[in-house]
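Here is the structure we will look at.
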Amino acid sequence: MSKEKVQIFDTTLRDGEQVPGCKLDTEQKLIIAERLDELGVDVIEAGFPISSPGDFKSVADIARIVKHATVCGLTRAVKKDIEVAAEALKKARRPRIHTGIGTSDSHIQFKFNSNREAIIERAVEAVSYAKSFVEDVEFYAEDAGRTDNEYLARVCEAVIKAGATVLNIPDTTGYCLPEEYGAKMKYLKENVKGIDKAILSCHCHNDLGLATANSISGVINGARQIECTINGIGERAGNTSLEEVVMILRQHPYLNLDTDINSKLLYSTSQMVSQKMGMPVQPNKAIVGSNAFAHSSGIHQDGVIKKRETYEIIDPHEVGVDHSSIVLTARSGRAALAYRAKNVGYELTKVQLDKVYEIFLQFADRKKEVVDEDIHEIVEVAAINIQSIA
Ligand code: KIV
Ligand code: ZN
């Protein structure tokens, strides 16, 4: 049975770039946009054109060079924003305007000093206006995570009638639990008239560490687009991480959902974005962190050396990582030491290994990690006659 496709909407260059200290210049954005296109994302949110002349130029330049993906520009539900975005996207092969407004009671009351009916009117006006420039119009209901479902359904119905092709349901504050977010998608799927004319999209923030889980729950319950960023960067605690959702769907084939992402480019793309933004990837980051395929405890190392799958659910090659690594620390066992010693030229007998292991533990208690040069020294200190295989 062929899998249903989940579209990947990458917002590294918009929501991701909002992170303090991560600002990119146009040239850097173009390099990243080209890479995202090669990676196979369906949509690149290139920026917020009205926000600055620099962002306008970046969106316009990206629109010109991207070959496959849809290029999208963010706007508020404001005519001028929409006009400027349309202008920036003029040269895109597949342009999309992303417009929207806050729909939670707190946004309606405190941000807009307005009321529910007036917000629906503004939403419809914005979508209709965007539709006069481009065919593909995505509507976001900001703070949908805290918006009452019945009202949210009315908003969605109204903007679909006005021509919205995608309905973005952002958990803007990262508040929802996965079941709650999934139930919201299911409710919209079942209660919005005309829902078959639009795609539901997940846009989850990570304030409680649930962005990825919420996005997966969203697609299990009927959404067919995930908005995400490379390395999960984004406002505050970040957005849904692209590499995580892609690999979750791939590792769970019975969900019958997949993306068009070339997963072999995930690691190098993560490194590229991290370097260009000056934003290090945390070592324990799923899929792309430096420890994601590193094993340091003796029990795990022994298992991985015997058969990789005992402690690894993903083949590192699948995400563009050369190999798993066996890290030597004071928690490592003889199997790991023998394996690493062999890699640097020493084939140790059992008796030799026992002696070397004793010295190794003394070294390892003093150091955080024992590296290849240390192994030579340890062997020398063990002062045994070891047959070199180098
Ligand atoms: O988090 C959010 O609500 C957003 C919207 C502007 C799409 O980023
Ligand atoms: Zn966001």
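Atoms within each ligand, like the ligands themselves, are counted from 1 in listed order. Note that the numbering runs from 1 along the sequence shown for the chain.
Shortest contact from atom 4 (C) of ligand 1 to any protein heavy atom: His203 NE2, 3.5 Å.
The contact set between ligand 1 and Thr172, taken as ligand atoms under 4.0 Å from a residue heavy atom, comprises 1 (O), 2 (C), 3 (O). Set against the non-hydrogen atoms of Glu142, the atoms of ligand 1 under 4.0 Å away are 3 (O). Those atoms of ligand 1 with a heavy atom of His205 less than 4.0 angstrom away are 1 (O). Annotation for ligand 1: atoms under 4.0 Å from non-hydrogen atoms of Pro170 are 2 (C), 3 (O). In the vicinity of Asp15, heavy-atom distances shorter than 4.0 Å reach the ligand 1 atoms 8 (O).
With ring centers used as reference points, Tyr357 lies under 6.0 Å from Phe360. Taking the six-membered ring wherever Trp is involved, the centroid distance between the rings of His295 and Tyr311 does not fall below 6.0 Å.
Contact annotation: the side chain of Val43 approaches that of Arg96 to within less than 4.5 Å [non-hydrogen atoms, C-beta and beyond]. Contact annotation: the side chain of Val319 never approaches that of Val288 to less than 4.5 Å [non-hydrogen atoms, C-beta and beyond].
On a distance-only criterion, Asn168 and ligand 1 share no N/O pair closer than 3.5 Å.
In this structure, Thr99 and Arg76 approach most closely via the heavy-atom pair OG1-O, 3.2 Å. Scanning all heavy atoms of the two residues, the minimum distance from Ala85 to Thr75 falls at CB-CG2, 3.4 Å. Heavy atoms only, all atoms of each residue included: Cys176 and Glu180 are closest at CA-OE1, 3.6 Å.
In this comparison of Arg14, His98, Glu227, the heavy atom closest to atom 5 (C) of ligand 1 sits on Arg14.
Protein nitrogen, oxygen and sulfur atoms, that is N, O or S, within less than 2.8 Å of the Zn ion (ligand 2) amount to 3.
Hydrophobic clustering, with ILVMFWY side chains joined whenever heavy atoms are under 4.5 angstrom apart, groups Ile233 together with Ile31.
Although no hydrogens or angles enter the test, the distance criterion places a donor-acceptor pair under 3.5 Å between the side chain of Thr240 and the main chain of Ala211.
For His376, the side-chain hydrogen bond (donor to acceptor under 3.5 Å, both in side chains) partners are Tyr346, not counting sequence neighbours.
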